[in-house]
Amino acid sequence: MGLQEIEARLRNAADDAGRAPESVDLIAVSKVQPNERVEAVLRDGHRIFGENRVQEAAGKWPDFREQFEGISLHLIGPLQTNKARQAMDLFQAIHTVDRPKLANTLARLAQEIGACPDLFIQVNTGEEPQKAGILPADTDAFVAECRTLDLPLRGLMCIPPVDEEPSLHFALLAKMAARNGLAGLSMGMSGDFEQAIALGATHVRVGSAIFGERDYG
Ligand SMILES: *Cc1c(COP(=O)(O)O)cnc(C)c1O
């Protein structure tokens with residue numbers, strides 16, 4: 001548990017896969033964590049963080065940014081179109097582009113602002129009705145649509161169903177990214193990031209294994 005241990009495990013997993021450790025970005029998922037824990041990880045020199053709510057991120061990251069340089073913030077939770085502009089100001093990457101309406105809004109705002117965070121399409125690899133994301137069968141068409149909109153599309157993202165073998169979902173996502181010429185793969189969390197690295201993850205999203213359990217109390 002803790003940043004150093006997770007960094008070491010990440011390096012080992014990359015070595016085992018014959019990959020350079022630098023080819024995997026460790027996103028420290030700080031949602032719901034007390035500020036002291038986040039600050040400790042910042043003091044250890046880590047700079048890539050993930051949040052899943054725009055409001056929560058807006059409440060804590062401007063202060064951290066005044067104290068620490070070079071922070072890269074990734075949105076890994078659902079984005080409502082009415083929060084898109086705020087999200088584009090706050091985040092360097094958005095991993096949850098999950099519907100045409102959001103893609104259109106991001107494209108319009110990118111024109112206005114003259115910049116856009118790196119984007120990942122969330123794919124609902126398990127085809128779970130309650131989960132956000134583009135269905136696998138619709139993904140190629142949606143990638144093409146995002147490209148028509150001139151969006152800076154970097155890759156695909158998935159959250160496997162809790163009760164299924166994650167490797168199957170990671171492999172499926174990697175295959176879809178490859179056939180669409182996308183280099184980015186946002187996959188793997190505390191329980192399965194090593195498997196994700198073995199299957200090509202470029203961004204792993206690790207929360208509780210770095211910070212400890214989240215307290216939603
Ligand atoms: C919370 C969250 C994570 C981190 O989960 P852990 O199991 O704590 O590592 C990763 N990805 C997404 C999309 C999340 O919402």
Side-chain angles (χ1 to χ4, degrees), residues 25 27 29-32 48-62 72-162 164 169-170 172-189 196 201-205 207:
D25 280 351
I27 301 174
V29 178
S30 49
K31 66 183 182 202
V32 193
I48 311 176
F49 291 85
E51 290 282 345
N52 72 341
R53 293 169 145 261
V54 177
Q55 228 43 54
E56 186 184 339
K60 62 188 184 198
W61 285 98
S72 174
L73 210 53
H74 294 236
L75 179 65
I76 60 167
L79 178 58
Q80 295 167 259
T81 46
N82 64 2
K83 299 229 172 77
R85 176 181 279 274
Q86 194 185 6
M88 290 172 84
D89 288 341
L90 206 55
F91 292 96
Q92 281 61 60
I94 296 173
H95 292 233
T96 49
V97 181
D98 59 2
R99 56 200 195 281
K101 187 182 176 205
L102 178 59
N104 281 304
T105 301
L106 292 170
R108 177 174 51 76
L109 291 170
Q111 291 293 321
E112 264 176 54
I113 301 167
C116 187
D118 288 342
L119 300 179
F120 292 75
I121 291 172
Q122 182 174 354
V123 181
N124 187 355
T125 55
E127 306 188 30
E128 296 171 280
Q130 81 283 8
K131 203 171 263 177
I134 302 287
L135 292 172
D138 300 333
T139 299
D140 295 359
F142 189 60
V143 168
E145 190 175 339
C146 290
R147 285 186 167 138
T148 309
L149 291 169
D150 224 6
L151 289 170
L153 194 58
R154 300 292 176 235
L156 304 179
M157 174 271 214
C158 76
I159 308 169
V162 283
E164 286 182 29
H169 295 269
F170 298 155
L172 172 65
L173 197 73
K175 198 168 117 188
M176 287 190 288
R179 75 168 178 246
N180 282 287
L182 288 166
L185 280 173
S186 169
M187 57 191 199
M189 317 194 341
T202 59
H203 296 71
V204 292
R205 312 177 307 265

Looking only at heavy atoms, the pair that brings I27 and G50 closest together is CG2-N, 3.4 Å
Rounding to 0.5 Å, atoms OG1 (T105) and CD (Q80) come to a distance of 12.0 Å
Got a donor-acceptor contact below 3.5 angstrom from the T96 side chain to the G77 backbone?
yes
- Decide side chain to side chain contact (heavy atoms under 4.5 Å, CB included) for R154 and H203; before the verdict, give the C-alpha distance in whole Å, the side-chain angles of both, and the deciding distance to 0.1 Å. CA-CA 11 Å; R154 300 292 176 235; H203 296 71; over 6 Å; no
By ring pair (Phe, Tyr, Trp, His ring centres under 6.0 Å), F49 pairs with (sequence neighbours left out) H46, W61
query: Are any of the side-chain heavy atoms of K83 and Q55 separated by less than 4.5 Å?
result: yes
Could you tell me if the side chain of I113 sits less than 4.5 Å from the side chain of R85, heavy atoms only?
yes
Distance col, row N104:CG vs L149:CG, nearest 0.5 angstrom, shows 5.0 Å
Can you establish whether the number of heavy atoms outside Q111 located under 6.0 Å from its atom CD is more than 12?
no
Legend entry - Backbone N/O of V32 and side chain of E56: donor-acceptor pair under 3.5 Å: yes
Value for CD (Q86) from CG (L75), rounded to nearest 0.5 Å, stands at 10.5 Å
In terms of heavy-atom contacts, A132 and N124 come closest through O-CB, 3.6 Å
Rounding to 0.5 Å, atoms NZ (K31) and NZ (K60) come to a distance of 10.5 Å
When every non-hydrogen atom of L153 is compared with those of C146, the smallest separation belongs to CD2-CB, 4.0 Å
Practice task
State plainly whether the residues E128 and K131 are in salt-bridge range, i.e. N to O under 4.0 Å.
Solution key: yes
Output for pair (L173 CG, T125 OG1), nearest 0.5 Å, gives 7.0 Å
Tested for side-chain contact (heavy atoms from CB on, under 4.5 Å) against I94, the lone hit among I76, D118, L79, L102 is L79
Quiz item: Side-chain contact, heavy-atom cut-off 4.5 Å: F170 with L185?
Solution: no
For A115 and M88 the tightest heavy-atom approach is O-CE, 3.8 Å
Please report the C-alpha distance between V97 and F142 in whole Å, then the side-chain angles of each, then the deciding distance to 0.1 Å, and finally whether the side chain to side chain contact (heavy atoms under 4.5 Å, CB included) criterion is met. CA-CA 10 Å; V97 181; F142 189 60; 4.0 Å; yes
Looking only at heavy atoms, the pair that brings R147 and G181 closest together is NH2-O, 3.7 Å
Counting neighbours of CZ on R53 that are heavy atoms of other residues, nucleotides or ligands and sit closer than 6.0 Å, is the number greater than 12?
no
*asked:* So that I know where these two stand, are H74 and F120 an aromatic pair - ring centroids less than 6.0 Å apart?
replied: no
side-chain contact (heavy atoms from CB on, under 4.5 Å) with M176: of L182, I121, T139, only one passes, and it is T139
Closest non-hydrogen atoms of T202 and A183, given as atom of the first, atom of the second and distance, are CG2-O, 3.4 Å
**Asked** Are any side-chain N or O atoms of Q122 and backbone N or O atoms of M157, one a donor and one an acceptor, separated by less than 3.5 Å?
**Response** no
Under 3.5 Å donor-acceptor, R205 side chain and V29 backbone: no
